[in-house]
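So the structure is just underneath, and the comments pick up after that.
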Amino acid sequence: MTEHHLEVPLEEGRLTELEVGDVVYLTGIIITARDKAHQRIFEEGDEPPVDLEGAAVFHAGPVVRRVDNGYELVVIGPTTSTRIAKYLEDIVDAGVKMIVGKGGMGPDAPEVMKDRAVYLTAPGGCAALLAERVKGIREVHWLDLGIPEAIWVLEVEEFGPLIVTVDAHGNELSGE
């Protein structure tokens, strides 16, 4: 097990450094998206409001409150990724390099993600800790879906710990 501190969006070639069981901390920009945002993009055909090329997508429904100048993140924990697994090939084809969630991405994930993307698990019960690692909210899109389902663009620093569950070599942690 190796500990990695990565900048996101990821530089080309960094994915192959990660192996199942490694621990990762992210610094940079991550995007939240869950069921309704994926449905809007991949079933309804709406153009994503953010650039997905090289992106890190967090399956999360943050708790956010309005403040005078915008929004303040209260807590952010992972949501179950298997609900979104049916969009995995679409989102990897769209250029997403890293997906963070909980509960796995389905049996096809190692093959779909091989040489193209990784899946990381955020431990349950870490929502308050993860929120401390969010340094700011850069943008929000599609608030008509509701606060948890909207796409939030977050600036993070040392966001984690996250565990590599599917690596870009075709390995899955639960399969070992």
Side-chain angles (χ1 to χ4, degrees), residues 1-4 6-26 28-62 76-124 126 130 141-142 145 148-154 156 159-176:
M1 176 183 81
T2 303
E3 187 174 295
H4 302 269
L6 301 175
E7 297 284 330
V8 282
L10 287 176
E11 294 175 19
E12 193 68 31
R14 298 294 312 256
L15 285 181
T16 56
E17 297 174 15
L18 305 176
E19 296 184 7
V20 293
D22 286 354
V23 174
V24 175
Y25 293 87
L26 301 175
I29 302 298
I30 65 172
I31 301 162
T32 69
R34 48 189 291 165
D35 311 62
K36 290 182 182 177
H38 284 77
Q39 180 181 3
R40 185 174 275 188
I41 295 168
F42 299 115
E43 289 184 23
E44 299 168 12
D46 285 8
E47 189 69 26
V50 294
D51 185 6
L52 297 177
E53 186 64 42
V57 172
F58 186 22
H59 295 155
I76 185 166
T79 193
T80 305
S81 295
T82 52
R83 292 192 329 260
I84 307 164
K86 65 183 178 181
Y87 304 109
L88 177 60
E89 191 156 357
D90 293 325
I91 199 157
V92 172
D93 287 347
V96 170
K97 298 292 184 208
M98 183 174 283
I99 299 171
V100 180
K102 72 174 184 182
M105 281 300 296
D108 299 333
E111 185 61 31
V112 170
M113 301 182 96
K114 189 172 183 180
D115 298 323
R116 304 193 300 158
V118 295
Y119 175 71
L120 309 176
T121 299
C126 291
L130 293 175
H141 303 276
W142 295 350
L145 297 177
E149 296 280 351
I151 293 177
W152 295 88
V153 180
L154 307 174
V156 299
F159 189 81
L162 309 171
I163 301 164
V164 178
T165 305
V166 176
D167 66 23
H169 307 288
N171 301 308
E172 184 173 17
L173 186 60
S174 61
E176 297 188 350

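Residue numbers run from 1 in the order of the sequence given.
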- Task: Please lay out, stage by stage, how H169 and T16 fare under the test side chain to side chain contact (heavy atoms under 4.5 Å, CB included).
- Result: CA-CA 7 Å; H169 307 288; T16 56; 4.0 Å; yes

- Query: What's the verdict on side chain to side chain contact (heavy atoms under 4.5 Å, CB included) for V164 and H4, showing C-alpha distance, side-chain angles and the deciding distance?
  - Reply: CA-CA 10 Å; V164 178; H4 302 269; 5.7 Å; no

- Message: Could you go through H141 and V50, starting from their C-alpha distance and side-chain angles, then the distance that decides it, and tell me whether this counts as side chain to side chain contact (heavy atoms under 4.5 Å, CB included)?
- Response: CA-CA 8 Å; H141 303 276; V50 294; 3.7 Å; yes

- Task: Just do the side chain to side chain contact (heavy atoms under 4.5 Å, CB included) check on L154 and F58 with the steps written out, would you?
- Result: CA-CA 10 Å; L154 307 174; F58 186 22; 5.6 Å; no

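To the nearest 0.5 angstrom, L6 atom CG is 14.0 Å from K97 atom NZ. Atom CD1 of residue I151 and atom CG of residue L52 lie 7.5 Å apart, to the nearest 0.5 angstrom. To the nearest 0.5 Å, the span separating CD1 on I84 from CD1 on I99 amounts to 9.0 Å. Distance check, rounded to the nearest 0.5 Å: CG of L10 to CG of L18 gives 7.5 Å. With rounding to the nearest 0.5 angstrom, the CD atom of E111 is 11.5 Å from the CG atom of L88. For the atom pair CG of D22 and CG of L173, the computed distance is 10.0 Å after rounding to the nearest 0.5 Å.
Here T82 pairs with T80 under the side chain to side chain contact (heavy atoms under 4.5 Å, CB included) rule; sequence neighbours left out. Taking the salt bridge (charged side-chain N to carboxylate O under 4.0 Å, His left out) definition, one finds that K114 meets it with nothing, sequence neighbours left out. Checked against side chain to side chain contact (heavy atoms under 4.5 Å, CB included), A56 has the following partners two or more places apart in sequence or in another chain: V8, I30, M98. Residues meeting the side chain to side chain donor-acceptor pair (under 3.5 Å) test with R116, sequence neighbours left out: D93. In this view, E89 satisfies the side chain to side chain donor-acceptor pair (under 3.5 Å) rule with no residue, not counting sequence neighbours.
A donor atom on one side chain and an acceptor atom on the other are not found under 3.5 Å apart for E3 and Y25.
When all heavy atoms are compared, the tightest approach of L26 to V156 is O-CG2, 3.6 Å. Here the closest heavy-atom approach between residue P161 and residue P123 is recorded as O-CD, 3.1 Å. Between A60 and G77 the shortest heavy-atom distance is CB-O, 3.3 Å. In plain terms, the two heavy atoms of A122 and L130 that are nearest each other are CB-CD1, 4.2 Å. Here the shortest heavy-atom pairing between S81 and G104 reads CB-O, 3.3 Å. For V92 against A117, the heavy-atom pair with the smallest separation is CG2-CB, 4.1 Å.
Atom CD of E11 has 12 or fewer heavy atoms from other residues, nucleotides or ligands within 6.0 Å.
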With a 3.5 Å cut-off and sequence neighbours excluded, list the donor-acceptor pairs that the side chains of residues 31-42 form with protein atoms.
residue : atom : partner : partner atom : Å
T32     : OG1  : W152    : N            : 3.0
R34     : NE   : E149    : OE2          : 3.2
D35     : OD1  : R83     : NE           : 3.4
D35     : OD1  : R83     : NH2          : 2.6
D35     : OD2  : R83     : NE           : 2.9
H38     : ND1  : R34     : O            : 3.0
R40     : NH1  : D144    : OD1          : 3.3
R40     : NH1  : D144    : OD2          : 3.4
R40     : NH2  : D144    : OD2          : 2.6

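With hydrogens and angles ignored, the 3.5 Å screen pairs a side-chain donor or acceptor of Y119 with a backbone N or O of K102.
Between N171 and E19, the closest side-chain pair of non-hydrogen atoms is not below 4.5 Å. In this structure, M113 and E172 have side chains that are not in contact, with every pair of non-hydrogen atoms separated by 4.5 Å or more.
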